[in-house]
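What follows is a set of notes on a single structure, which appears directly below.
Whatever order the structure lists them in is the order used to number ligands and atoms, beginning at 1.
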Amino acid sequence: MQKSKNNSNLIWFRNDLRTIDNAVLHESQKNGNPLIAVYCFNPLHFTIDKFGFNKTEKFRAKFLIESVRDLKRQLNNLNIDLLVFHQEPEAVFPELCKTYNVNSIFIQTEWTSEEIEVEHAVKSKLDSINWHKIYNQFLYHPEDLNFEITHTPQVFTNFRKQLEKHVAIRPELQPKTYPESNRITNITKIPTLEDLGFDDFETHPHSAFPFKGGETEANKRLEDYFFNTKKLGFYKKTRNGLVGTDYSSKFSPWLANGCISAKTIYWQVKKFEKEFFKNQSTYWLIFELIWRDYFKYVSLRYGNQIFKLEGILQKDYDWSSNQTQIQNWINGETESEFVNANMIELKETGWMSNRGRQNVASYFAKALELDWRIGAAYFESLLIDYDVHSNYGNWMYVAGVGNDPRDRKFNVELQAERYDANRKFRSLWLQPTLF
Ligand code: FAD
């Protein structure tokens, strides 16, 4: 690595693995200083959690590697080097900042406890660095709201209506290309799945999410779902589906890793509406992205309360942690075939539809009355699209300790009849596999 005499900026990528519409990248490019980029595969994310699950299972690990690989390529095109480490950030940053004379670090604003702890660990090792934290994961920017975050409406519909009426979506941001002189010698390597402790594996042939990680793949999927096939125009009718790649957008894993921004999706919906047609389906995709924002605002407002058993409603239910029931749920061996099929799909692929998630979570928390945090931790481990706010927000909601004013319980058998009348989904996952 070469030493730098000039002051440099450093962009620390975490869940914002993209170059297009990345407000952190945009900010880090403003003063024209040389820029280096860093990503750390933090060993902490590959440990065992308090319930005994791998914090990150192989599906998300693979998607993450693919996403970082693509980010490196995209940054290369801008003459920015991405240095990749398989180490704790606090072990890497002091030396890096010295070598490259870094005086400003740019990061996406995160506010959940684990992310903040890592930031503090890095900060404690560095003196006299200017930190720039930038909101970068919202559709509606927190600084544009017409209410205080502490007054985020308790009910989704009120939240949505306020935003739709009063707040404009900001335009997309484009990255700048640096001169060749910004390049450094980069000998760092992206870890393999094996380096992260997993055997390599093939995607299950029945997977509803056979896609790869990265900005390029995210944009390809958008192009396909919106413009090539116009499936966006039917989204509202198909979004409760269970089988195949196209019943819903499948954007969530890319959104969770920040390979694409919610704003980019929003502006592409607008483009589609202008070029082709506007209908309930085109609106509904934006409606769902507002749900995503909503859970982020709920978590901003309530902080660590979203990880607590009593949730944000402070409800005092009796919860069980019966190990046999938990294990049966995980293995798809409960009394409900519909729950089982969904849980097997998750175990085999790291994916489950929204309809499936609502049902298995309700079954776990409301029928078996099991400690919902254990179900949420299992989802965190397995889901390719794990997102702290959406996961814990949805789990609280379903468990009756979140934002749902109605304390509902799904009838999973009726749901199966309604959404899997021909048993296609259950047959797909309950039959012994031929593979
Ligand atoms: P589409 O139907 O195409 O929707 C487009 C986008 O809108 C999604 O990509 C997502 O960003 C957003 N969206 C849709 N539904 C929701 C919702 N209920 N809450 C928040 N955002 C939503 N989603 C995650 O991204 N990560 C999670 O960890 C996660 N955990 C969940 C846990 C439970 C118990 C439940 C019930 C839902 C969870 N969801 C989570 C929300 C939802 O199931 C997924 O976002 C959705 O299934 C992803 O598929 P899609 O991208 O094809 O969605």
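The shortest N or O to N or O distance between Y386 and ligand 1 is not below 3.5 Å. The shortest N or O to N or O distance between W395 and ligand 1 is not under 3.5 Å.
With a 4.0 Å heavy-atom cut-off, ligand 1 is reached by the backbone of N354 and by its side chain too. Contact annotation: for F379 versus ligand 1, heavy atoms closer than 4.0 Å belong to the side chain alone. Residue-level proximity to ligand 1 for A361 is carried by the side chain, the only part with a heavy atom below 4.0 angstrom. Residue contacts with ligand 1, taken as heavy atom pairs separated by less than 4.0 Å, do not involve Y397 at all. If you look at W351 next to ligand 1, the close heavy atoms, those under 4.0 Å, all belong to the side chain.
Aromatic ring centres of F156 and W291: separated by under 6.0 Å.
In this comparison of E380, M396, M352, E288, the heavy atom closest to atom 7 (O) of ligand 1 sits on E288. Of the candidates D246, N394, L383, the one placing a heavy atom closest to atom 41 (C) of ligand 1 is N394. For atom 3 (O) of ligand 1, the nearest non-hydrogen atom from the set S249, G241, A208 belongs to S249.
At a 4.0 Å cut-off, at least one heavy atom of Q358 sits close enough to ligand 1 to count as contact.
In terms of the side-chain hydrogen bond (donor to acceptor under 3.5 Å, both in side chains) criterion, E223 has no residue partners (sequence neighbours excluded).
In this structure, E110 does not pair ionically with R14, as no charged nitrogen and carboxylate oxygen lie closer than 4.0 Å.
Under a 4.0 Å criterion applied to the non-hydrogen atoms of F251, ligand 1 contributes the atoms 9 (O), 51 (O).
Using cut-offs of 30° and 60° on the angle between ring planes, the pair F41 and H86 is perpendicular.
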